[in-house]
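The block underneath contains the structure these notes are about, expressed in structure tokens.
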2 protein chains.
Amino acid sequence: MGRPSDPNAKIDLLRAAEAEFLARGLDHAKVEDIAVRAGRSKGAFYLHFASKEDAFRQIVESMLARLAATLDDGGIFDPGGIFTREDLGLAGGPQVLAAWLDKDVQIFEFVWHNRRVFRMLLEGGRSATFGYLIDEFAERTRSNTVRFLAWGVRQGFFRADLDVDLASLVISGAYDRVARHLVRSDGQIDLRPQCAKVQRLVLGAISSPAFAALVDSQVRNWNPAPLPGIEVPGPRRPRTAGTRSR
Amino acid sequence: MGRPSDPNAKIDLLRAAEAEFLARGLDHAKVEDIAVRAGRSKGAFYLHFASKEDAFRQIVESMLARLAATLDDGGIFDPGGIFTREDLGLAGGPQVLAAWLDKDVQIFEFVWHNRRVFRMLLEGGRSATFGYLIDEFAERTRSNTVRFLAWGVRQGFFRADLDVDLASLVISGAYDRVARHLVRSDGQIDLRPQCAKVQRLVLGAISSPAFAALVDSQVRNWNPAPLPGIEVPGPRRPRTAGTRSR
DNA sequence: TCCATTGTTGACCGCTGAGTCAGTAATGGG
DNA sequence: CCCATTACTGACTCAGCGGTCAACAATGGA
């Protein structure tokens with residue numbers, strides 16, 4: 001059978017490549033350095049990857065595949081999911097908010113677990129060759145937001161005079177920045193309360209007066225078991241140690 | 001006196017460099033190509049710039065210098081400016097909103113006029129060497145937002161329970177994304193109504209109930225000469241052709 | 001017109017680093 | 001133990017490109 005290959009070789013090389021890409025950027029990272037960091041030789045690198053760019057692509061694509069799997073799991077955006085139903089009255093709001101919050105938490109948890117790759121992509125992947133990946137992802141997020149907002153306006157959840165295009169920029173930009181911050185933070189963060197706060201900010205920006213009143217009254221009536229997804233404002237509740245800069 | 005230098009040489013080279021950096025990115029742009037595009041020789045390039053990176057730095061720094069001048073002009077953030085006064089009651093709100101909107105319009109107009117350089121920086125400057133410039137600018141914007149939010153909370157304009165750190169991420173991220181979109185759009189846009197819409201979204205997210213009520217009543221009372229900075233909602237007003245994707 | 005001075009050119013140099021490949025090491029089967 | 005087979009090594013090649021400089025061009029003053 002011949003000499004068996006070291007089963008760790010490729011993993012070691014991928015890890016090392018990730019670290020070098022993060023530190024130097026795709027263009028300035030040297031294959032030699034990646035190999036040394038992985039404790040292998042340059043030749044070993046080329047046994048597993050056709051080129052430096054190929055290694056980068058493999059890292060990012062495997063992460064994106066897992067992200068897609070995470071997003072499809074649950075499938076609330078799918079036909080039959082809650083965000084495609086057109087028959088919800090305002091009363092359906094609480095369920096919508098809960099589903100929205102769950103999805104946010106799910107995505108941010110994924111981002112947190114893959115923060116090394118995300119940082120590499122965002123900071124080390126500043127290459128003209130692959131920068132389009134980030135833009136493409138941003139654009140996809142935004143078009144999802146457009147769909148969601150238009151749907152929410154039809155349902156009466158959001159202001160009828162909402163400029164959906166502009167609001168989608170504002171909201172997706174907001175989430176984007178929060179995610180970028182999350183990716184850089186080190187300590188463990190309780191994501192759900194943070195997501196709920198973001199949701200509350202966004203809701204304040206876009207919700208229709210009727211929906212805002214409903215949410216407000218529901219929160220008050222349902223104490224002390226508040227509707228999931230709506231944080232109870234008030235000084236008694238201890239502030240969660242949030243995502244703070246430095 | 002000897003041969004006089006071509007006065008257009010440096011400008012031509014800067015323009016060409018800008019275009020090449022945008023098209024290929026700093027790392028992949030070739031000095032040769034820049035020179036050819038400018039109708040000059042490679043040697044001429046090195047008469048004006050110490051290196052490729054030096055040219056990039058000169059383009060960005062001259063733009064940043066003009067931006068700083070624009071921001072300082074007016075100086076509402078300076079001591080004595082409206083955003084440093086601690087004695088404004090809620091009644092001072094309209095002035096604050098007007099000043100805020102003016103500043104936004106001013107900045108977005110600058111971004112629009114310098115959109116070529118901004119695009120170059122955002123899209124072509126994806127280099128590990130200069131990427132920090134973007135992050136630094138984002139961080140500065142955010143810390144300004146933190147100061148502004150904390151001040152507004154003290155003044156009673158914004159919700160007392162606002163998580164200033166998180167909200168600053170959300171808001172600066174929102175503005176960032178709007179600016180990035182603006183930079184890519186081609187046609188002329190009437191910036192003030194767009195800025196007013198963004199302001200209204202942000203206000204909805206963060207303003208205190210008392211302030212929101214005040215703003216709302218003022219808008220209603222002051223018709224048909226609305227308070228600058230507050231757009232009158234209503235179906236009669238024609239929708240401005242917004243910033244639309246593709 | 002001639003020359004000193006300064007501007008401009010582009011062939012050339014040298015370095016860096018991606019990618020190769022002849023040689024060596026490790027393994028399992030016979 | 002030997003050999004076929006596959007894994008792995010790292011010195012080497014070489015293309016590409018940043019940066020240089022000897023030669024040449026343009027100009028104004030004497």
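Atoms considered below: every heavy atom in the structure, side chains included; atoms not considered: hydrogens, waters and symmetry mates. Every chain is numbered from 1, with letters handed out A, B, ... down the list of sequences.
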task = Look up atom SG in B:C195 and atom CD in B:Q106, then write down how far apart they are to the nearest 0.5 Å.
result =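 Output value for this atom pair is 11.0 Å.
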request  = Assess whether side-chain contact (heavy atoms from CB on, under 4.5 Å) is satisfied between B:V202 and B:V198, documenting all intermediate values.
outcome  = CA-CA 6 Å; B:V202 172; B:V198 173; 4.3 Å; yes
Can you tell me the distance, in whole Å, between the [atom1] atom of [X] and the [atom2] atom of [N]?
X: A:Y46; N: D:dT13; atom1: OH; atom2: P; answer: 17 Å
X: B:E53; N: D:dG18; atom1: CD; atom2: P; answer: 9 Å
X: A:F45; N: C:dC21; atom1: CZ; atom2: P; answer: 18 Å
X: A:K10; N: D:dC8; atom1: NZ; atom2: P; answer: 13 Å
X: B:K42; N: D:dC21; atom1: NZ; atom2: P; answer: 14 Å
X: A:D6; N: C:dA26; atom1: CG; atom2: P; answer: 13 Å
X: A:D33; N: D:dG10; atom1: CG; atom2: C1'; answer: 15 Å
X: B:R24; N: D:dC17; atom1: CZ; atom2: C1'; answer: 14 Å

message = Any base atoms under 4.0 Å from B:K30, or only sugar-phosphate, or nothing? Heavy atoms, all strands.
response =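 Since only primed, P, OP1 and OP2 atoms lie under 4.0 Å of B:K30, the category is sugar-phosphate.
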request  = Look at all strands and tell whether A:A29 reaches a base, only sugar-phosphate, or nothing, counting heavy atoms closer than 4.0 Å.
outcome  =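 Contact class for A:A29: sugar-phosphate only.
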task = Between A:P4 and B:G39, name the one whose nearest nucleotide on DNA chain C is closer to the 5' end.
result =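 Its nearest nucleotide being more 5', the pick is B:G39.
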query = Of the nucleotides D:dG18, C:dT9, D:dT9, which has the atom closest to the A:R40 side chain?
reply =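 The listed nucleotide nearest to A:R40's side chain is D:dT9.
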request  = Specify the residue among B:R3 and B:G43 whose closest nucleotide of DNA chain D lies further upstream toward the 5′ end.
outcome  =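 Here B:G43 is the residue nearer the 5' end.
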inquiry  = Could you check whether any side-chain heavy atom of A:V170 comes within less than 4.5 Å of a side-chain heavy atom of A:I206, counting everything from C-beta outward?
reply    = no
task = Measure up the B:F148 and B:W151 rings against each other and bin them: parallel (under 30°), tilted (30 to 60°), perpendicular (over 60°).
result = parallel
